[in-house]
Every structure is written in C-alpha cells, then in structure tokens.
2 protein chains.
Amino acid sequence: HMDSQPKGGRFDGILGVMGALEVLRTINENKIETEWPIVIVDWTNEEGSRFAPAMVGSGVWAGALDRDWVYNRTDINGKRFVDELERIGYKGTVLAEKRPVHAYYEYHIEQGPVLEQQGKIIGAPKGILCLHWYDIYLEGEANQVGPTPMEGRHDALCTASEMILKVNELPARMGGNMVSTVGEIQNYPNSRNIIPDKVHFTVDIRSWDDDLALKAWEVVKKDFEEIAQRRGCPIRIEETWRVEHSPFDQKLVQKVLDTADELGYPALHMVSGAGHDASYMNQIAPTSMIFVPSIGGRSHVEVENTKWEDCEAGANVLLHTILQSAMEV
Amino acid sequence: HMDSQPKGGRFDGILGVMGALEVLRTINENKIETEWPIVIVDWTNEEGSRFAPAMVGSGVWAGALDRDWVYNRTDINGKRFVDELERIGYKGTVLAEKRPVHAYYEYHIEQGPVLEQQGKIIGAPKGILCLHWYDIYLEGEANQVGPTPMEGRHDALCTASEMILKVNELPARMGGNMVSTVGEIQNYPNSRNIIPDKVHFTVDIRSWDDDLALKAWEVVKKDFEEIAQRRGCPIRIEETWRVEHSPFDQKLVQKVLDTADELGYPALHMVSGAGHDASYMNQIAPTSMIFVPSIGGRSHVEVENTKWEDCEAGANVLLHTILQSAMEV
C-alpha cells in the first residue's frame, strides 16, 4: 500500500510496493520466465486513518468486507470514501474480483523494535495479531464553567479521561501478551469555558490470543458502562472492526527463513503486531511476510526510517522467495 | 457583547446590547433629558472562544490589556485577531481610549441555576469571581500501536487524561468555593493506530477567593509535573490569563437591589461565576450588573433561554438604575 498516516510513513507500505517493482524489473532484466504470472498489488486505504476501518482494499478483494459498505464509510467531515476516490481519480474501472492465488508475499518494515533489539535483518512473522477497533461516543451536559457548580456536572471529557486510563491499564490487568490504545479523541464543543457535552474516542486492542482480546474488551466495556453511569454521561459503543489473529502458511514462512539463511541475513521467527493486507490475503491464499528493521522501532512518525542495506536485503529475500513460488508446478 | 460560543448563546451578551438599545429608545421616546450622556457599548470578543483570552475589548479600553498584544493573539489555525477583524470589516477607526465614566451597568443572563432555584427574577452580583486560564502542552512519543509494547510508551493522551481528572477533583480537594474545568483538548496526530505524541489542553480555575484559586493552581501544577515526569511526557505550561476577583461598587449594587424592590421583582444579592466585561470596567469606574434567570441554568448551549417577562424585568431595572445615575449632579 502507499497510503499513510497524518504525520509520517515514508517506508510503511511504500517499501513493499517499490520492492516488488524492483523485483519484477530484476526478473525482466534477467529474462527469467516463471511458471506462474507475478502481479504487484498496491492496496487502497491500508491505514484507515481517514476512513475506518483499515485494509479495506484487500478486505473487499478477499471477500471479507462488502464493497458497498466500504464505499459508504465516511471521514470525520462526513465525506464518503467512494466520492473521494472518484474526486481524486483513483476509483478503478475493473471489478475487484477474488481470483485464485498460488502464493502471496508482502514485504514491509517491522514498525516495532524487536529486530533491531535482537540484531536481526529479516523478520519472518508466523502471523498477525488479532485486531479489534471500537468507537466510543459519550454524551454530557454543556454549560458555562463559571456559574455551574461541580456537583451535578455531566462532563463528557472527564468521563472519557477515566476510560482512556482504563484502556491503558488493561494489558497489565489482563496479563498475557496484548496491547490496547486510545489514539484518537474528538471533544465538543471544545471551548475552554464550556463543560464538554460530547466526546468520541477510539479503542484499539490487539493480541495473538483472540480470546484474551475479547475477554479484555468485555472487562473494559464493563468499566466503561460503570463510569458512564456514575458520571451521568450516556455511552454508545460501535464495534467498528474485528480481524482474528492470522497464522501464516507455515511452508511459506519457512521459505522466508531459509532464503534469508541462504543469502546470509540473520533472520527471526516472530509475530506481527501491526495489521497488514496479508491478514485478509491469508484467508484465501498461502501467505507470508518479509520484515526489515525500523530504526529505533519508530513508525507512523516523521523519523520513521530503515537502513538502505536492510531495504536491499528484504528485496533480495522477496525476489528469491517469489521466484521459488513462481517456479512451482 | 454580541460574540458567542460555537454551539450557542442567543441571550449571553446579546440581551445586554438589545436591552440597552431598548432603554435608550424609551428615554428618547419620552423626551427625557439626562445630566450625563448615556453610551451603549458592544464589546468585542468577550467570549474568547476563538481568540483567547476573553473580554479583550473592555480589557484594552480600561487599560488592563495591551492593544497590540491582543491584536496578535492567534486562533488554532494561526490567524491573527487583528487580521480577522480587518477581514470582516470590524476593525474600528477610532482609538480605544479610556475616558472618565460616571457609572457602568451591564445587563446579562445569569448563566447559572441560582436565580431559578431560589425563585428570584433579578440578580444583583456583589462582584465577579477571579478567573485563571492556563494552557498545557504535552509531548509524547508517537509510534504504531500494534508492535509497540506497553512498557516504555510515552503516551501524551494518557498523561493528559490523568491531569484532566486531577483538575476535576481539585475543588473537592481544596475545599472552599471554587470551580475548575478542562473544556478544550487537541490531540496529535489523532489517529487510532498511533500513540499520541502531542496534546494541548486548557485549565479554567475560578473562585471568589484569589488566594484559594492560586493555591489550587500550585497544587494541581505540582500534580501535573509529577505525572509528566512519571509518564516521560515533557510538559510546557502557559499562564494565559488572570483576572482578580472583582467586587462591584456597593452603592450601585444597592441601587439595583432597591430598584428591583420598587418595581416589585424579587431580587438576590449573589456572586457572578462567569466573567464579564464589567470586570475590567470595574477597575476604572463604579460598576454593577443586572442578572435575569437562565432557564435550567443552561448557557453557552443551543437550549440557552430566558423568559420574555424576565427579559422585560431586567430591562426595566436597567432603565431605572441608569436614569438614577444619569440624573446625578
């Protein structure tokens, strides 16, 4: 994918598209003929930062998401995804039809600190964490802050603040391997001398263990309802998106590990904390990914970076694994 | 004043300007000649909802704020107050010079629940609470939420959430008569799968007791610094505005009470929790205010409302108090 986040992502997604392009060029320049055709895909809206959920291109293509439901997703200003695609000339004319795929590889930066910390160059994820997105809407009662006594206030921002802390404490409380985050908040009317009467915020919960993630959500949902009740701020919850944890094809993952080994790159069998289009592709075709290190483990920020040699290493692994799959009969 | 808040304020401010206009019309229609000239003022930017601080028109005129400092205040998009005044054709050509004032009356809705709760029609505030505005800027570390472990995160939104709850608990903790509120928050990059790396929020503290408000600020500031330190999110604090509590002219306040009594309106000697231009005018001239009830105590919201008979009652008190002052020799 080539879409990104508000503040950064020079490698996230784009490296995969450019790497694939370089691989195809190399294959063509060397006049190699393969048994299977090789197709590069640049998936639309993998990030979901403007139109939630994420990974909608691969989701629709793989048949996991309904095309018209995705078309009708709106941004914060109420603009529809399909209208914006049309406006910028990116709405294609060919139907997004699922076709048989012999093997799907996705080349990507790690977006985390693990490879760097362990001094490895190639990551071969055994799969992707499950991913749960929720949208929370709170209703308070607006009033002038000066003449309105503290008692009897229904402050939607205080209510949200309590909930945000609950989300942050959730992994410590649940034990097990999971992360949970509130990344986005809208506060209304957002004026310093008015008690907030409307807040929207998001919850992102991820784990390799689907049941743990669901249990965590049930726990925090109960907290939310108690807090909303106590503070007199009615709550509305939307379960925006749910992707189960996605174990990749073991043979393909092993191919990535072996290829890295043959090329002399130290490799790591790991887990992907970030969601990727590979998650949906994994539902319909043998799938695996190739990771390269993110400097400082930073991603979705301006300083996001990956060493040139590592980019090259990843592209080499991509070339040789694709060639192996494409030569199979 | 006639400026208002993002979501409402059909009476807040506007009633005072319309009431004053009606009073002058009545005086003229009855061909009454006064000893003192009567001037209606429609102060600019009393609310400060787009350009903080508030009450800048009266503040500059009374000599409490510097005109050029006010001109250079910017909104959230970096637009300057003076440029926007020019753009909409509201920048006057006459110098804002302090002139001697014999008496200043301001007619306003209460914006709180007290008059309604006590069944009174006219409020005669003995003065206005002190008012402290602060702007808080937090810095976190952005990263992809999935592959970034909970340990070692520097989440600016969680840091802000803890602080917002501290502000909310402050009055209960300090005892005494005060209110404190966070009404406004900006979160960056505000994307659901990125750990927030920048948060700005506001603090509004008010009390009749200046020392209590200052002490409360010192307490909560210490909390802020401890939380910022613990969560590894550097804090920057701007003290945006400070107006001391403002006790009105006792004779003028008594005039309002007596006039209401003579006209048969039940009146209440009270305190104003909201800031008003009367606060700055009180620094240079004998000042008082006339309050009428807000239905349900609601203000700065769409449902803000005041009964027609109460509007009339307040205007009658304004007419007769102004006439008394204007006839003095």
Side-chain angles (χ1 to χ4, degrees), chain A residues 5-8 12 47-49 52 54 110-114 129 131 133 141-150 155 157-158 160-162 164-165 168 171-172 179-197 202 204 206 272-275 297-301, chain B residues 5-8 12 47-49 52 54 110-114 129 131 133 141-150 155 157-158 160-162 164-165 168 171-172 179-197 202 204 206 272-275 297-301:
Chain A
Q5 290 284 343
K7 283 286 185 173
D12 177 1
E47 295 290 346
S49 60
E110 182 202 346
Q111 308 187 264
V114 180
L129 298 186
L131 204 157
W133 279 5
E141 192 175 82
N143 223 345
Q144 229 278 16
V145 299
T148 308
M150 301 305 291
D155 186 323
L157 183 56
C158 288
S161 297
E162 262 201 74
I164 289 166
L165 292 176
N168 189 240
V179 288
S180 60
T181 314
V182 176
E184 194 178 335
I185 184 169
Q186 271 90 30
N187 179 55
Y188 304 91
N190 216 30
S191 184
R192 70 177 74 214
N193 46 6
I194 306 181
I195 298 164
D197 68 344
T202 61
D204 175 302
R206 304 186 190 198
S272 169
R298 307 290 303 279
S299 178
H300 286 180
V301 288
Chain B
Q5 290 284 343
K7 283 287 187 172
D12 177 1
E47 295 289 349
S49 60
E110 183 203 343
Q111 306 186 264
V114 180
L129 297 187
L131 204 158
W133 280 5
E141 190 174 84
N143 222 345
Q144 230 276 18
V145 298
T148 309
M150 302 304 291
D155 186 322
L157 183 56
C158 288
S161 296
E162 262 200 74
I164 289 166
L165 292 176
N168 189 241
V179 288
S180 60
T181 313
V182 176
E184 195 179 333
I185 184 170
Q186 271 92 28
N187 179 55
Y188 304 90
N190 216 30
S191 185
R192 69 175 76 215
N193 46 8
I194 306 182
I195 298 164
D197 69 342
T202 60
D204 175 303
R206 304 185 191 201
S272 171
R298 307 291 303 278
S299 178
H300 286 180
V301 288

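Proteins come first, then strands; the chains are lettered A, B, ... in the order of their sequence lines, and each starts at number 1. Values reported hereafter were calculated over all heavy atoms of this structure, with side chains retained and with hydrogens, waters and symmetry mates removed.
By number of non-hydrogen pairs under 4.5 angstrom with chain A, the leading residue of B/Gly275, B/Ser299, B/Gly112, B/Ser161 is B/Ser161. Contact tally against chain A (heavy-atom pairs below 4.5 Å) for B/Val114, B/Val182, B/Val179: the top residue is B/Val179. Contact count against chain A (heavy-atom pairs under 4.5 Å) is highest for B/Asn193 among B/Ile195, B/Thr148, B/Asn193. With chain B as the partner, the residue from A/Met150, A/Lys7, A/Gln111, A/Arg298 showing the most heavy-atom pairs under 4.5 Å is A/Arg298. Contact count versus chain B (heavy atoms, under 4.5 Å) is highest, among A/Leu129, A/Thr202, A/Val145, for A/Val145. Note on A/Glu47, A/Glu162, A/Gln5: by heavy-atom pairs under 4.5 Å with chain B, the leading option is A/Gln5. The most heavy-atom pairs under 4.5 Å with chain A, out of B/Cys158, B/Ala54, B/Gly297, come from B/Cys158.
Between the side chain of B/Asn187 and the main chain of A/Gly183, a donor-acceptor pair closer than 3.5 Å is present. Between the side chain of B/Asp204 and the main chain of B/Leu131, no donor-acceptor pair closer than 3.5 Å is present. Using modelled atom types, one side-chain atom of B/Asn190 and one backbone atom of A/Ile185 make a donor-acceptor pair closer than 3.5 Å.
Between A/Pro149 and B/Pro171, the closest side-chain pair of non-hydrogen atoms is not below 4.5 Å.
B/Glu110 is linked by a side-chain hydrogen bond (donor to acceptor under 3.5 Å, both in side chains) to nothing, counting only residues two or more places apart in sequence or in another chain. By the side-chain hydrogen bond (donor to acceptor under 3.5 Å, both in side chains) test, B/Thr181 is found to be paired with A/Arg153, residues two or more places apart in sequence or in another chain being considered.
With a 4.5 Å cut-off on non-hydrogen atoms, B/Val301 touches chain A through its side chain but not through its backbone. Using a 4.5 Å cut-off between heavy atoms, B/Arg192 contacts chain A through both its backbone and its side chain. For B/Pro189, the parts lying under 4.5 angstrom from a heavy atom of chain A are both the backbone and the side chain. Heavy atoms closer than 4.5 Å to chain B are found in the side chain of A/Pro196, but not in its backbone. For B/Asn143, the parts lying under 4.5 angstrom from a heavy atom of chain A are both the backbone and the side chain.
To the nearest 0.5 Å, the span separating CG on A/Asp155 from CD1 on A/Ile194 amounts to 12.0 Å. Distance check, rounded to the nearest 0.5 Å: OG of A/Ser49 to NE2 of A/His300 gives 8.0 Å.
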